[in-house]
Structure formats: structure tokens, C-alpha cells
Number of protein chains: 2
Amino acid sequence: MTAVPPARISHPETGEVADPRVEALVNEVIGRVADKWTMLILEVLAEHGETRFTRVGELVGGISQKMLTQTLRQMERDGLVVRTVHPVIPPKVEYRLTDLGFTLAEAFCGVWTWAETNIDRIEAARAAFDGRKR
Amino acid sequence: MTAVPPARISHPETGEVADPRVEALVNEVIGRVADKWTMLILEVLAEHGETRFTRVGELVGGISQKMLTQTLRQMERDGLVVRTVHPVIPPKVEYRLTDLGFTLAEAFCGVWTWAETNIDRIEAARAAFDGRKR
DNA sequence: GTGCCTACTTTCCAATGGAGAGTGACCGTC
DNA sequence: GACGGTCACTCTCCATTGGAAAGTAGGCAC
């Protein structure tokens, strides 16, 4: 988190950044992590702290139970969340971000604020595009 | 890009951030933009500047033509890229980021460096998880 | 007993994504 | 003048993914 490597953008024609092995791995990680539900869950866990299964689903909104379980499991496997099972009846399972998860949430924070500040521009662009083409 | 709103994370129990209408719109935008191919294309266009159709495909790697056209069209509609058709034979179409696209690329830059710096931690977490469960 | 609670799991079906072939428009070669 | 090549798609077929809804487990209240 300290010692951020030099920017990876804004230098066209300057050659690749690193060896292709790392490149491929990074792409694989991006593929896993840059998914709608992962981002949304990351956000609610960052905002609400330790949260129960169904509550996460409510806060995310519009997610099916299948995808909720699946995404949470994936995130647990990648070390982004910790799953705590309280052996009570009825069952109680809580999820919270690990340090790693938190750093990722911070990284995504920029995208979030970008989305907030640029919604109008996107909608304008869409309207212009749709108006032009049809 | 100026006047970044206060951080949206790290304050559990502090109540929601804004009105739910904006919340929903932001989620919709995130859903569109936080997609594997969009991120990857954004990255190559940020790094390589104006680029031709097939070249983008090569640089992204592993993307089908269908998804390439589809994602580029979507990005064009959202005002992230500009599509320039040179009326020559054989056809030549170039794509480049708009200012808006560039700001998004910058926002994603944090995720990129996060992925680079944390690959080892993710792999370790996965190994631990898989070892525990099987 | 019958329900109810929660966190899943399973089943079924519709939508998405990938592989690969086809298309159009023209040019250069034979 | 038929033939192949180039490039940016577009179309078709099929496997995988994702959503909706029902089922499961296991004990507790009635």
C-alpha cells in the first residue's frame, strides 16, 4: 500500500509495463475482482462493517441468493472477507472485510466517486448517442 | 474531477451517504462499467492511445470479436471512447479515450496497482482456503 | 405435531459469452 | 475477369452463467 509503483497509464508508445507473466496474473485477478457483485458487496461491507448474510443481500439490492453465496465464497477464498459462523439456532453467519478487502475497497473508492461525479456526463453522452443513431 | 466528495467508506453506522435515487443510478453505472472487458479495454486504450479495432483485441487478449464490438459500442455510448472511421479500403476504424474515459482509467488505476501489489496475498489466501476445505 | 427462523442448496429456465463462419467493399495478382 | 487478401464487423450455434423459486437442516415456539 505504501510505495505505489509509477502510474501505469498516460504513456503510449512507451513499451509494456512488466513481464507478461505478471500481466496475465493481474488480468486474471482483475477478471475475478472487477465484477459487479463483488464491487457492490465490497462497498456495503466497507460501509456497514460486519454484516449478516441476508442483510448483505438487502443492502446490495437485486442480488439472487445464489450469486450472494457464490460471490461471498469467492471473496472469502481470495482473502477479501472473513466468514464467521455463530453456532446458534437459527443460524447466524457474519461477513466482514479483511485488511486486504479494505485496501481493495479503498482502491475502488475512486471508481465510486467517479461514478457519482460523472453520472450526468454519462447520461448526456447516452442521450446524444441514441439521438444521433436513431 | 475537482471537488472530490468526502470518502464513502470507513464509516459504519454513520447512516447512508446520499438519497437513494443517486444511489441506484450509481449502482447502475457501476454495473455497466465494472465489467472485466470494459476495464481491460480502458487499460489498453489508456496505455496505447488511439488504436485500431483488431489491435485492441490483440492487446486485450482472449476477447471474442463479439464482445469487443459490443463493449466498445457500449463505451462509445457512455461517452468513454470516440470511434473514428476512416473511409478507406480496407476499412480502418480507430478508438481512443475521451476525457471522461481518461478520468475513469485514472480511477481504475488504483485497482490495477492494488492487483499488482497484492497478487501474492491473494494466491496465498486461495492456497490456504483450498487446503483447509479439502 | 405444524410452523417459523436463517443460511444456504438445488432445480429449472432465460440470458450471456465464446468459437467460428459469413459479409461487404475494394484492391492487387494472375 | 475469377481469385485471394484485408478489415471490421455480423450471424449462428452451443456451453456457461445468472435469476426465480422451491427445497433442506435443525432446533424452538406453539
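Just so it is clear: chains get the letters A, B, ... in the order the sequence lines come, proteins before strands, and each one is counted from 1.
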Whole Å only: how far is the [atom1] atom of [X] from the [atom2] atom of [N]?
X: B:E94; N: D:dC7; atom1: CD; atom2: C1'; result: 13 Å
X: B:L72; N: D:dC9; atom1: CG; atom2: P; result: 8 Å
X: A:E76; N: C:dA7; atom1: CD; atom2: P; result: 15 Å
X: B:R83; N: D:dC7; atom1: CZ; atom2: P; result: 16 Å
X: A:I89; N: D:dA29; atom1: CD1; atom2: P; result: 12 Å
X: A:K36; N: C:dT16; atom1: NZ; atom2: C1'; result: 13 Å
X: A:F53; N: C:dA7; atom1: CZ; atom2: P; result: 7 Å
X: A:D35; N: C:dT16; atom1: CG; atom2: C1'; result: 14 Å

Report yes if some heavy atom in the side chain of A:L40 is under 4.5 Å from a heavy atom in the side chain of A:I63; otherwise report no.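 No. Closest side-chain heavy atoms not under 4.5 Å.
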
At their closest point, which heavy atom of A:T38 faces which heavy atom of A:D35, and how far apart are they?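 That closest heavy-atom pairing would be OG1-OD2, 2.6 Å.
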
Closer than 4.0 Å, any side-chain N/O of [X] to the OP1 or OP2 of [N]?
X: B:R52; N: D:dA8; answer: yes
X: B:R73; N: D:dA8; answer: no
X: B:W37; N: C:dT16; answer: no

Could A:E123 and A:R126 be called an ion pair, given the rule that one side-chain N must be under 4.0 Å from one carboxylate O?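 Result for this pair is no, no salt bridge flagged.
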
For the residue pair A:Y95 and A:F53, does the interplanar ring angle fall in the parallel (under 30°), tilted (30 to 60°) or perpendicular (over 60°) class?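 The rings of A:Y95 and A:F53 sit tilted, inter-plane angle from 30° to 60°.
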
Hydrophobic cluster membership, A:V85 vs A:I89, 4.5 Å side-chain cutoff: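 Result: no, two separate clusters.
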
Any residue of residues 60-71 of chain B with a heavy atom less than 4.0 Å from an atom of DNA chain C: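 Those residues whose heavy atoms fall under 4.0 Å from DNA chain C, taken from residues 60-71 of chain B in numerical order, are B:S64, B:Q65, B:K66, B:M67, B:Q70.
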
Determine the sole option in B:E76, B:Q70, B:M75 for which the side-chain contact (heavy atoms from CB on, under 4.5 Å) test with B:R73 is passed.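 When side-chain contact (heavy atoms from CB on, under 4.5 Å) is applied between B:R73 and each of B:E76, B:Q70, B:M75, only B:E76 qualifies.
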
